[in-house]
There are 2 protein chains.
Amino acid sequence: MPPNDTPPGRSASIWDVARVAGVSQQTVSRVINDKTRVSESTRAKVMRVIAELGYRPNRLARTLAGGPVSWVTVLTSDTALFGAAATLRGMEEAARAAGFSVGISVLEPGASETDIALRLNRPQEPVMVIAYDDPGVRALRALPPDVPVTAAVERPGNGSGHDPWQVWVDDRPAAAHATRHLLSLGHRTVHYVSIPSSTSALPQRARGWQDALRATGRPLPEPLRAGWTPRSGYLAVRSLLADRSVTAILCGNDDLALGVMRAAREAGRDIPGDLSVAGFDDSPASAYLHPSLTTVRLDFEGLGRACFGRLLRRLQPEAALALPTWNEPELIVRESSGPSPV
Amino acid sequence: MPPNDTPPGRSASIWDVARVAGVSQQTVSRVINDKTRVSESTRAKVMRVIAELGYRPNRLARTLAGGPVSWVTVLTSDTALFGAAATLRGMEEAARAAGFSVGISVLEPGASETDIALRLNRPQEPVMVIAYDDPGVRALRALPPDVPVTAAVERPGNGSGHDPWQVWVDDRPAAAHATRHLLSLGHRTVHYVSIPSSTSALPQRARGWQDALRATGRPLPEPLRAGWTPRSGYLAVRSLLADRSVTAILCGNDDLALGVMRAAREAGRDIPGDLSVAGFDDSPASAYLHPSLTTVRLDFEGLGRACFGRLLRRLQPEAALALPTWNEPELIVRESSGPSPV
DNA sequence: TCTTTGGGGGTTACCGGTCACATGCCACCC
DNA sequence: GGGTGGCATGTGACCGGTAACCCCCAAAGA
């Protein structure tokens with residue numbers, strides 16, 4: 001029961017190809033899906049007609065009709081942040097390589113949780129959430145339980161069993177490592193400027209910093225809570241810098257470190273002469289800053305790819321796909337950290 | 001002819017809602033689309049059932065069935081670049097506000113042009129292209145003619161009539177302005193480090209720089225061709241800096257400027273004492289660099305929103321929608337530019 | 001009282017595909 | 001020669017909606 005002729009202005013459908021090629025529409029479907037069971041001559045003929053008519057398959061229809069899953073929506077807040085942007089890149093790359101269409105929806109801080117599900121293209125669309133901050137974590141929680149979702153998170157879920165559908169960078173030991181690096185340069189202790197936590201507790205990075213100070217019996221200053229931007233780092237430490245006993249500051253990300261370094265210079269502190277500063281993320285600019293920034297490189301792109309790998313396994317458990325891994329955090333020592341002045 | 005009962009594991013469809021509410025499926029459709037012609041009591045009843053069943057509409061089916069267009073795919077290369085990322089943000093924001101689903105597909109430098117169309121979700125899906133560089137421009141050209149597309153481009157198409165479906169930042173005069181700023185500080189001339197062009201010709205920014213030098217009769221150095229990253233800026237100017245007569249450098253973007261400043265310091269040049277540097281874009285870090293960077297602020301987010309506005313008008317010409325505008329480029333003078341040393 | 005009108009709501013034909021199953025045909029084997 | 005596969009294709013139902021069209025009935029107007 002072929003439908004009417006395609007009206008003008010609408011592009012060719014599988015029926016048009018079938019009609020011109022003189023085969024059934026099911027045969028065309030077999031050809032474009034590269035199934036077997038089509039003779040070589042028929043295949044060639046259909047392919048020719050496809051090219052001739054400029055036929056392009058409609059993925060909407062294909063998915064609706066129960067074809068293989070090939071859509072994923074990424075929920076993320078602020079893509080201006082290096083971590084989120086790099087994770088997104090990894091996700092998109094892996095998804096595209098697997099033939100998926102990637103949708104993206106940005107979470108505003110005040111977004112209503114009830115309509116998160118309405119952003120999806122269909123009720124059970126696969127989702128990846130970049131949940132490094134509060135809006136992300138809330139979106140993750142707000143998703144209906146029947147939605148297949150994986151997430152890149154700041155920390156593993158509490159409780160005993162780790163959620164196998166979540167990935168995260170193990171930055172707690174990395175923060176401890178960075179802290180020990182600063183202590184090994186002779187600093188009496190290390191101060192910390194924190195990014196916002198994704199939950200009410202202190203971020204993992206801050207905990208790693210605490211771990212290192214506690215383990216070596218150093219004074220444990222109150223962590224300074226800042227935002228994500230250079231400006232917030234700048235504002236957070238201004239008052240702190242008058243205290244010359246503060247000789248080392250570890251920052252929750254490189255942007256904060258940038259703001260901290262500016263505040264330090266304005267306070268007449270030389271880096272690394274008077275003050276050592278270290279960051280987190282190894283954003284592309286860090287190596288070129290003045291001074292170049294000691295930081296912890298985090299493999300966000302790899303994390304994003306791994307997150308998609310988890311999703312694929314969740315969608316096709318029987319395929320027993322390999323789960324991609326990502327690099328361990330790595331301390332990159334540059335010019336901004338040096339011996340303690342005292 | 002209601003279909004069979006919904007099998008378990010599949011989420012509720014419009015038929016399930018209709019059955020439970022005791023109305024026809026068309027009435028449910030009217031309710032969720034906020035059409036008139038439904039009595040208040042029926043509407044309330046349907047809404048109750050929707051909430052009860054956790055019904056979420058399937059946008060795929062809705063679009064396939066000829067509902068209003070509510071999808072757009074953004075084609076962009078490298079989202080790591082500030083300009084592209086900020087444009088994307090503006091596009092996403094505007095599209096989401098209009099109820100559109102945003103798809104994103106990243107153009108690899110070597111991507112085949114023939115399968116660009118296959119990335120779209122359906123044959124005539126609306127598209128926005130971020131075409132600041134060669135992959136973007138090629139993708140724009142490779143799209144089939146029946147696809148409704150708007151684009152953020154580096155420069156207006158050549159020829160007389162401007163393409164009304166393209167938007168761009170008028171950075172040629174802005175570059176001239178930045179150049180005149182440097183000249184006004186006493187520099188004999190200004191050197192230029194260029195981002196890659198989207199075409200074979202020199203980018204608009206470089207032309208603006210030439211305009212200013214020509215208009216004032218200054219020597220016109222050969223522009224240095226670099227890439228997009230700090231590293232490429234660093235490499236591009238290393239040999240140049242031995243020449244002490246070079247006292248002012250304008251860069252095609254802030255990242256290049258960052259690399260240039262590092263190369264300058266390594267060459268023993270003081271900024272802005274020995275050398276003035278200016279950038280383009282006003283990326284978030286620029287104000288906090290050491291020294292803070294003189295640059296030209298470009299409203300990429302506004303451009304992205306405007307690009308979507310054009311798309312909306314293209315899709316609904318009869319609605320006569322207002323076309324959003326974006327801010328003019330603005331020179332931001334900071335610490336990195338100062339009086340000529342000679 | 002009869003006709004018009006318009007709101008409320010149902011019916012049917014798609015949209016562009018996929019899936020499960022039926023069918024025709026020819027080679028092969030006993 | 002007839003059964004038996006297996007390959008190449010066709011057929012009909014269905015995915016979850018929307019649009020166009022039809023029908024029914026109460027209120028208003030003639």
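The chains referred to below are lettered A, B, ... by the order of the sequence lines, with proteins before strands, and numbering in each begins at 1. Hydrogens, waters and symmetry mates are skipped; everything else that's a heavy atom, side chains included, is used.
Side-chain proximity of B:Q26 to the nucleotides C:dG17, C:dT11, D:dC15 is greatest for C:dT11. The side chain of B:S24 lies closest to C:dT11 when the candidates are C:dC15, C:dT11, C:dG17. Each of D:dG16, D:dG10, C:dG16 was ranked by its minimum atom distance to the side chain of B:A65; first place goes to D:dG16. Residue B:A61 places its side chain closer to D:dG17 than to any other of C:dG10, D:dG17, D:dC15.
Taking 4.0 angstrom as the limit, B:S39 places none of its side-chain polar atoms (N or O) nearer than this to OP1 or OP2 of C:dG7. Contact annotation: A:R30 side-chain N/O to D:dG10 OP1/OP2 distance is not under 4.0 Å. At the phosphate of C:dG17, neither OP1 nor OP2 sits under 4.0 Å from any side-chain N or O atom of A:T63. For the pair B:T42 and C:dG9, the criterion of a side-chain N or O lying under 4.0 Å from OP1 or OP2 is met.
The residue among B:G66 and A:Q25 whose nearest nucleotide of DNA chain D is located toward the 5' end is A:Q25. Toward the 5' end of DNA chain C, the nearer of the two residues B:S41 and A:N58, judged by each one's closest nucleotide, is B:S41.
Straight-line distance from the CH2 atom of B:W71 to the C1' atom of C:dC15: 14 Å, rounded to whole Å. When rounded to the nearest whole Å, the span between CG of B:L60 and C1' of C:dC15 equals 12 Å.
When only modelled atom types and interatomic distance are considered, A:R59 and A:S70 share a side-chain donor-acceptor pair under 3.5 Å.
At the heavy-atom level, A:R122 lies nowhere under 4.0 Å from the strands shown.
Nearest approach of B:I116 to B:A139, heavy atoms of both residues: CD1-CB, 4.0 Å.
Using cut-offs of 30° and 60° on the angle between ring planes, the pair A:F308 and A:F100 is perpendicular. Classification of the A:F300-A:F82 ring pair by plane angle, with boundaries at 30° and 60°, yields perpendicular.
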